[in-house]
*Asks:* 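Input: one structure, supplied below.
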Amino acid sequence: MCFGVKVNHRCAAGVLLNNKLTPLRNVFRSMIYIPALTSIIVAGIYFRLFFAGGSDTPVNTLMGFLGLPAREWLFDTKITRILALVFTSTWRWLGMNILYFLSALQTIPPELYDAAYVDGASAWQRFRHITLPGVKPILIFVTTILTYGGLRMFGESYVLWPRSKTPGDIGVTIVLYIYRNAFGYFDMGYASAMSVVLFVCLMVVNFIFIKSFGIGSGGEKR
Amino acid sequence: MKRKLLFRAASAVILACVALVSLTPFVYLLTTSLVSDMSLVFKNGIALEIQRDMLGLSNYLMLYTENTGLFFSWFKNSVVITIMFTALSVLFSSMVGYGAAMYQFKGKKFIIVMILSTMMIPIETLMIPLYNEMRAFHLLNTYAGVVLPFAVSSFTIYFFLQYAQTLSKDFMDAARIDGCGEIRIFANIMIPLMKPAFASMIILQATTAWNDFLWPLIVMSKNRSFTLTVGLQTYLSPYGSNYNLLFAGAVVSVVPVIIPFFACQKLFMEGMIMGGIKG
């Protein structure tokens with residue numbers, strides 16, 4: 001019912017965007033960024049249709065291309081539903097997270113790369129030993145806010161399924177469940193109890209990240 | 001040299017793919033919103049078969065006339081709430097942040113720690129107590145009910161606090177010697193100095209307020225008092241959604257954010273990067 005969304009390969013995209021060689025990087029930057037400006041409702045309207053069961057939808061066309069049967073993505077199985085949810089929220093926050101990595105990458109002094117190049121480090125070694133440590137605080141920060149955001153997900157689940165009813169309630173996130181109990185059935189006590197549990201979960205997530213990386217709130221301070 | 005060229009080409013292709021994924025929904029929404037007979041476009045799910053002669057503005061007209069301008073009362077609500085939220089938030093947060101950065105007073109550290117610790121509390125866990133509070137104050141279905149609970153957030157205060165710490169206190173002393181009161185110092189000297197902070201916070205708070213969904217959904221329960229985001233999703237229903245209105249409405253709700261974005265991209269990105277801490 002709940003799951004964190006972790007897509008950290010955005011780091012790679014950030015590297016590309018920061019590289020001066022890449023053509024038109026400013027244009028790409030703003031294009032990738034636009035989804036973050038839209039509300040979840042607009043995104044949901046599109047993705048409901050995107051993942052719908054018709055055989056002409058983009059996803060199902062791709063499936064047909066691969067020789068697989070068309071699916072009713074939003075209702076089929078647990079996995080496809082979660083994929084739909086994850087994809088929707090990834091689409092929205094991709095640009096933002098790329099920008100975080102970008103700002104981190106810009107703080108790495110270029111001399112380090114030159115020095116490593118002179119010493120004969122390969123591209124992978126340079127990435128592993130210079131770029132990765134350089135963006136580590138941001139990596140932790142982004143992972144935290146994504147897990148946090150995944151646990152707090154509400155709008156995606158609310159919009160993707162009509163009137164937020166799914167067979168078996170598999171597409172329901174914690175927050176939606178709380179919302180439904182509190183304001184749908186007016187079972188405030190139960191909903192409050194769940195809120196407390198959610199709060200504890202989120203705090204645990206926070207502390208795990210802070211402790212395990214031993215950087216305090218370095219991600220926030222930057 | 002050849003490798004560099006290859007790298008350029010490869011990265012351009014990858015980025016183009018990402019950009020394509022990011023942008024298709026908008027292109028699709030825009031084109032489909034112009035199609036008047038939705039049954040021609042899709043049966044179950046989207047399909048990209050749009051011919052020239054299907055296009056027209058009838059959906060927007062329908063949006064305008066439907067239910068005696070219901071959509072535009074939503075639009076108006078969203079605009080009012082966004083303006084109120086942004087104004088209150090920026091005004092009060094800047095005051096608190098500035099005060100905490102510039103003045104020495106008893107218990108200052110404690111207050112700052114208290115403010116910052118609320119940053120860890122997700123609003124989703126607070127929705128039930130806040131709802132009851134709003135009900136007790138008779139603020140349900142009012143603008144104030146949507147705006148007030150989150151108008152002054154610890155994050156915005158923190159942002160202004162950090163920014164104000166970079167300002168020199170010599171300005172204050174100079175102004176005091178010239179006989180300037182504390183409020184005038186803030187209004188006439190410090191606000192102009194903090195302009196960049198104001199710009200990025202205004203943008204951040206305005207986009208947040210415009211796109212906010214959960215809280216308006218809880219507070220607003222009357223048809224007429226919905227905001228755009230809440231209102232739009234009422235067009236979705238299990239028994240077939242009204243796609244004509246949905247698409248046109250979605251386009252109308254996105255445009256007020258996208259146009260300023262293109263006008264001042266840099267400010268937007270800076271503001272939103274800061275705002276990510278809020279989650």
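The sequence lines fix the lettering, A, B, ..., with proteins before strands; numbering per chain opens at 1.
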*Asks:* Give the table of side-chain donor-acceptor pairs shorter than 3.5 Å for residues 251-262 of chain B, with sequence neighbours excluded, one pair per line with atom names and distance.
*Replies:*
| unit_1 | atom_1 | unit_2 | atom_2 | d |
| --- | --- | --- | --- | --- |
| B/Ser253 | OG | B/Ala250 | O | 3.0 |

*Asks:* I'd like to know if the side chain of B/Ser117 and the backbone of B/Met114 have a donor-acceptor N/O pair within less than 3.5 Å.
*Replies:*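 Indeed, once roles are kept as given, a pair shorter than 3.5 Å links the two residues.
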*Asks:* So what's closer than 4.5 Å to chain B heavy atoms on A/Phe154: side chain, backbone, both or neither?
*Replies:*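 The side chain, not the backbone.
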*Asks:* Under 4.5 Å from any heavy atom of chain B, what part of A/Ile45 do you find: side chain, backbone, both or neither?
*Replies:*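 Just the side chain, heavy atoms under 4.5 Å.
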*Asks:* Determine the sole option in A/Phe186, A/Phe183, A/Tyr179 for which the ring pair (Phe, Tyr, Trp, His ring centres under 6.0 Å) test with B/Tyr131 is passed.
*Replies:*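 Answer to the ring pair (Phe, Tyr, Trp, His ring centres under 6.0 Å) test with B/Tyr131 among A/Phe186, A/Phe183, A/Tyr179: A/Phe183.
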*Asks:* Without placing hydrogens or testing angles, list every side-chain donor-acceptor pair under 3.5 Å for residues 118-129 of chain B, not counting sequence neighbours.
*Replies:*
| unit_1 | atom_1 | unit_2 | atom_2 | d |
| --- | --- | --- | --- | --- |
| B/Thr118 | OG1 | B/Ile115 | O | 2.5 |
| B/Thr118 | OG1 | B/Ser154 | OG | 3.4 |
| B/Glu124 | OE1 | A/Arg152 | NE | 2.9 |
| B/Glu124 | OE1 | A/Arg152 | NH2 | 3.4 |
| B/Glu124 | OE2 | A/Arg152 | NE | 3.4 |
| B/Thr125 | OG1 | B/Pro122 | O | 2.7 |

*Asks:* Using heavy-atom distances under 4.5 Å, tell me whether B/Leu214 contacts chain A through its side chain, its backbone, both, or neither.
*Replies:*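 For B/Leu214, heavy atoms of backbone and side chain both lie under 4.5 Å from chain A.
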*Asks:* Could you check which of B/Asp212, B/Leu228, B/Val21 has the highest count of heavy-atom pairs closer than 4.5 Å to chain A?
*Replies:*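 Result: the option with the highest number of such pairs is B/Val21.
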*Asks:* Determine the option with the most heavy-atom pairs under 4.5 angstrom with chain B, choosing from A/Ala43, A/Gly44, A/Ser195.
*Replies:*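 Highest number of pairs under 4.5 Å: A/Ser195.
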*Asks:* Which answer fits A/Ala191, side chain, backbone, both or neither, if we ask what part of it has an atom under 4.5 Å from a heavy atom of chain B?
*Replies:*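 Backbone plus side chain of A/Ala191, per the 4.5 Å heavy-atom cut-off to chain B.
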*Asks:* Picking from B/Thr24, B/Thr229, B/Val230, B/Leu20, which has the most non-hydrogen pairs under 4.5 angstrom with chain A?
*Replies:*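 Highest number of heavy-atom pairs under 4.5 Å: B/Thr229.
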*Asks:* Which answer fits B/Asn132, side chain, backbone, both or neither, if we ask what part of it has an atom under 4.5 Å from a heavy atom of chain A?
*Replies:*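 Just the side chain, heavy atoms under 4.5 Å.
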*Asks:* Okay, side chain of B/Trp210, backbone of B/Ile81: is any donor-acceptor separation there less than 3.5 Å?
*Replies:*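 Here the side-chain-to-backbone pair does not exist.
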*Asks:* With a 4.5 angstrom heavy-atom cut-off, is it the side chain or the backbone of A/Met203 that approaches chain B, or both, or neither?
*Replies:*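 Contact with chain B involves the side chain of A/Met203 alone.
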*Asks:* Work out which heavy atom in B/Pro25 is nearest to a heavy atom in A/Trp91; give both atom names and the distance.
*Replies:*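 Looking at all heavy atoms of both residues, the shortest contact is CG-CZ2, 3.5 Å.
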*Asks:* Look only at the side chain of B/Ser153 and the backbone of B/Phe150, and say whether a donor-acceptor pair between them is shorter than 3.5 Å.
*Replies:*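 No: the side chain of B/Ser153 does not pair with the backbone of B/Phe150.
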